[in-house]
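In what follows, a single structure is set out as structure tokens and then discussed.
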Amino acid sequence: MSEQQTAGNATASGADAAITAENAYSFAAIEAKWPAVWDQLGVFTPKDDGSRERRYVLDMFPYPSGDLHMGHAEAFAMGDVVARYWRLKGYDVLHPIGWDSFGLPAENAAIKRNAHPAEWTYKNIDTQAASFKRYGLSLDWTRRLHTSDPEYYRWTQWLFLRFYERGLAYRKNHPVNWCPKDQTVLANEQVVNGACERCGTPVTKKALNQWYFKITEYADRLLDDMKELEGHWPERVLAMQRNWIGRSEGAHVDFTIEATGDGSRSEQKVTVFTTRPDTLYGATFFVVAADADLASELVAPEQAAALAEYQDRVKALSEIERQNTDREKTGVFLGRYAVNPLSGEKLPVWAADYVLADYGTGAIMAVPAHDQRDLDFARAFGLPVRAVLDTGDEDPAATGMATAGEGTIVNSGPLDGLSKAEGIAKAIEIVEAAGTGEGTVNYRLRDWLLSRQRFWGAPIPIIHCEVDGEVPVPDDQLPVRLPDDLRGEQLAPKGTSPLAAAEHWVNVACPQCGGPARRDTDTMDTFVDSSWYYLRYLSPDYTEGPFDTAAAKRWMPVAQYVGGVEHAILHLLYSRFFTKVLKDMELVDFDEPFAALMNQGQVLNGGKAMSKSLGNGVDLGEQLDQYGVDAVRLTMVFASPPEDDVDWADVSPSGSAKFLARAWRLGQDVTSEPGVDPAQGDRALRSVTHRTIAEAGELVEAHKFNVVVAKAMELVNATRKAIDAGPGGSDPAVREAVETVAIILSLVAPYTAEDLWAALGHEPSVANASWPAYDPALLVEDTVTAVVQVQGKVRDRLEVSPDIAEAELRELALASPNVQRILDGRGIRTVIVRAPKLVNIVPA
RNA sequence: GCCCCAGUAGCCCAAUCGGCAGAGGCAGCGGACUUAAAAUCCGCCAAGUCAGGGUUCGAGUCCCUGCUGGGGCACCA
């Protein structure tokens with residue numbers, strides 16, 4: 001900025017400005033100055049011309065609920081460090097932004113305001129977009145997308161149809177999780193402790209005909225491919241996914257349910273899943289899930305009334321009550337007997353709610369001696385307990401404690417004498433040979449319930465015809481657009497989708513027979529939208545398919561994904577599933593979409609998550625107004641390692657602002673010209689600079705961003721000292737140091753760094769600069785301090801050459817008067833020498 | 001109940017392979033500059049690493065036990 005312009009500005013902002021405008025740091029001034037320059041230069045749009053190695057950095061895209069908040073500020077600050085570092089390192093970096101813009105809040109707002117959800121949604125997106133721009137992120141805005149745009153959801157629907165063709169999208173009538181408040185079904189993953197993940201309302205069960213994705217078919221691949229992610233994803237996220245998929249090895253064993261004496265029920269085969277086939281001889285009763293159809297099929301006529309009554313009782317329980325593991329065991333005898341295929345023993349068949357209808361086969365053989373749940377049930381109903389594995393523990397029947405450890409099999413005919421593991425193998429062998437069972441693997445994972453009875457989502461592109469049944473909407477009729485004439489109350493949840501009431505939309509001609517038909521009125525879970533958005537960024541305007549497969553080949557997988565751990569299972573598991581299906585469709589050539597994952601911590605205030613109800617929220621906009629963008633970003637990054645929480649009450653944005661001003665002022669004191677040879681400069685300062693470069697690079701790569709900032713502070717301090725009390729501002733080493741400060745700072749504080757870069761006489765943008773190379777010669781010290789210990793305690797320090805020989809160091813150490821005094825004539829047992837830094841003398 | 005992570009100055013946090021407990025910041029204290037204040041600059045202060053045990057010449061770091069805090073899972077046969 002020229003002096004004339006400065007003077008002009010001074011009059012505009014008052015008399016005091018004249019004193020400060022020239023040489024004082026003003027975040028407001030620099031925030032106003034640079035965004036237009038960045039836009040004009042197009043710094044953050046990747047070249048995509050193959051001239052550089054490509055890297056894809058992605059932050060989980062936001063949901064447009066109001067303006068950005070402190071959480072966004074932290075997450076995006078972290079992702080930007082990586083994107084900017086890689087750009088400086090010479091990579092062609094893709095760092096796009098978009099919005100996950102379908103979802104319930106928009107609908108609720110529309111109902112309240114008698115408006116259309118799009119109005120609220122796109123207004124919020126505009127607000128957030130402006131805030132993102134202010135926040136100085138190195139984003140490529142040319143690829144911006146919104147999942148609620150018809151051009152986007154057209155392809156969400158297209159993908160649904162491809163899944164449908166492959167048998168991966170299907171409908172079934174099944175008891176599902178139902179949120180009474182949101183009036184919609186929920187996926188298993190969206191039920192937390194028996195309550196709706198979104199609103200906290202206790203979830204109930206409801207039998208409904210719903211759409212599912214067959215994610216279970218990919219359970220083994222979702223599990224196995226995690227090997228690729230180990231070391232690159234946080235261990236706890238992998239653990240949570242492993243846990244959620246819940247692979248367990250065991251056996252399917254067929255039991256024969258005997259016909260009733262009066263012939264009212266005939267003989268029937270029922271399969272159980274067990275992980276403990278070694279305990280087959282210990283089975284003393286048989287249980288089926290009370291809410292499964294199987295219970296009603298099996299029940300003997302004289303017990304039917306009792307079962308019906310029990311089922312009513314079970315239905316009345318909330319999910320929260322049902323999941324309480326301290327509950328007394330309940331159940332009802334079905335009047336039937338199951339024959340153990342190994343022992344031939346007859347076992348009474350019971351129905352109980354501790355057996356789950358949708359895990360395994362919904363039926364179990366109960367082995368009370370070796371399973372705590374079965375034992376609790378046996379004791380409640382006076383059923384026999386028979387130990388078949390001698391673990392050395394006391395009899396479970398007496399103690400009430402089932403024994404689950406290792407031991408030797410007893411009372412089990414052909415299995416006697418075997419260990420647990422041998423018994424499992426042998427029992428599987430026997431049932432397989434007899435044709436009454438087989439070894440198998442079972443998963444905890446359930447299919448993904450994707451239909452929602454809400455308006456603001458991608459309509460499911462299926463038409464129901466009386467003649468042809470389910471008919472997919474032909475590709476050339478996509479997208480199935482949402483009607484835009486529904487308002488307010490018309491969108492209110494009624495238990496069925498609001499779309500059902502839009503008669504003009506619902507009634508269509510069947511694409512196959514032309515006869516009268518109705519559109520499917522459910523919309524897709526918004527997690528479907530977000531399961532493939534990272535691919536759409538690669539070719540956001542592509543019209544031949546959801547994405548350009550060539551672009552996917554160039555850019556995928558995402559090299560660094562950044563987002564909150566709250567998506568550990570939901571979004572990340574679904575996206576992994578989608579990727580695997582796309583691979584099978586030969587649209588992509590990789591198995592995992594996100595090669596590396598970083599979970600940023602939360603922003604707390606006073607030890608607690610910010611929330612309206614606690615009234616401890618901190619407004620991001622106010623923080624930015626008060627301290628400036630760079631100071632807020634710096635505070636986020638400096639406070640702690642990225643994955644740790646930041647407590648806003650514990651940190652100091654004003655301290656950050658002070659540091660930034662201090663760094664910026666260095667630029668005012670550099671008097672050498674750009675391009676001077678730093679080799680002529682002060683060696684001590686150069687040594688600090690080059691050490692900082694070396695360390696900062698390693699630290700960024702290790703994601704220790706907070707330490708990078710600390711190193712930058714050290715360099716700033718050293719440079720200030722060199723200017724004021726050393727070689728002075730004209731020394732070429734000072735220029736080199738300040739240029740390094742600008743480049744490192746650009747990772748976190750782009751405005752300040754850019755302004756500093758300009759003050760040093762460089763053309764914008766600092767984002768186009770290169771991460772400096774360090775000179776290893778400058779990292780070598782003239783002397784190092786060797787520590788001399790006696791028995792591990794420091795007794796002397798010696799200044800020695802870094803390449804001192806072990807023997808010489810040993811002699812020097814032993815000659816130390818301090819050492820001699822401490823040794824006090826005692827002999828020496830050993831001397832450990834780690835030249836050049838340490839000697840440890842062990843006295844006799 | 002089971003599994004995972006973390007405990008270092010008053011506070012937030014550093015500390016390659018086990019090798020001098022301290023890099024950086026906040027707060028505090030003192031000084032310089034100022035008529036004064038703000039801003040700025042300089043300096044100072046501070047823990048022996050949650051507790052106990054073990055391995056080692058040497059442990060914040062490795063092993064065991066416990067305590068505290070945080071997170072995940074939880075009738076999944």
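Proteins come first, then strands; the chains are lettered A, B, ... in the order of their sequence lines, and each starts at number 1. Since the structure is predicted, the reported quantities are computational estimates derived from the model, not experimental observations.
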Which listed nucleotide (B/C75, B/A77, B/A23) is nearest to the side chain of A/Y354? B/C75

Among B/C13, B/C75, B/C73, the one nearest A/D644 by side-chain distance: B/C13

Exactly one candidate in A/T436, A/T361, A/D254 meets side chain to side chain donor-acceptor pair (under 3.5 Å) with A/T271; the answer is A/D254

Indicate whether the side chain of A/D374 and that of A/Y354 have a donor and an acceptor atom separated by less than 3.5 Å. yes

Would one find a side-chain N or O of A/N243 under 4.0 angstrom from OP1 or OP2 of B/C3? no

Using a 4.0 Å cut-off on heavy atoms, which residues in residues 647-660 of chain A reach RNA chain B? List them by number, or say none. A/D650, A/S652, A/K658

Report yes if a side-chain nitrogen or oxygen of A/K704 is closer than 4.0 Å to either non-bridging phosphate oxygen (OP1 or OP2) of B/A15; otherwise report no. yes

All heavy atoms of A/Q602 vs all of A/A609, minimum pair found to be OE1-CB, 3.7 Å

Report the glycosidic orientation of B/G48: syn if within 90° of 0, anti in every other case. syn

Taking syn as within 90° of 0 and anti otherwise, name the glycosidic form of B/C17. syn

Separation between the P atoms of B/C44 and B/G24, rounded to whole Å: 11 Å

Here the residues of residues 831-841 of chain A within 4.0 Å heavy-atom distance, strictly under, of RNA chain B are A/I832, A/R834, A/L838, A/N840

Do A/T330 and A/Y310 have side-chain atoms, one donor and one acceptor, less than 3.5 Å apart? yes

For the pair A/E714 and A/K721, find out whether any cationic side-chain nitrogen is under 4.0 Å from an anionic carboxylate oxygen. no

Opposite nucleotide pairing with B/C73, Watson-Crick or G-U, both atom distances under 3.5 Å: B/G1

Could you check which of B/C42, B/A77, B/G24 has an atom nearest any side-chain atom of A/T275? B/A77

Ignoring hydrogens and geometry, is there a side-chain-to-backbone donor-acceptor pair from A/T279 to A/G282 under 3.5 Å? no

May I ask you to verify if any side-chain N or O of A/R236 is less than 4.0 angstrom from the OP1 or OP2 atom of B/A6? no

Below 4.0 angstrom from OP1 or OP2 of B/C41, is there any side-chain N or O of A/R665? yes

For atom P, what is the distance between B/U16 and B/C4, given to the nearest Å? 25 Å

Name the residue closer to the 5' end of RNA chain B, choosing between A/R829 and A/N717 according to the nucleotide with the nearest heavy atom. A/N717

Aromatic contact, A/F285 with A/F377 (centres under 6.0 Å): yes

Is it true that A/Y25 and A/T752 share a donor-acceptor pair across their side chains at a distance under 3.5 Å? yes

Can you tell me if A/Y359 and A/S248 form a side-chain donor-acceptor pair at under 3.5 Å? yes

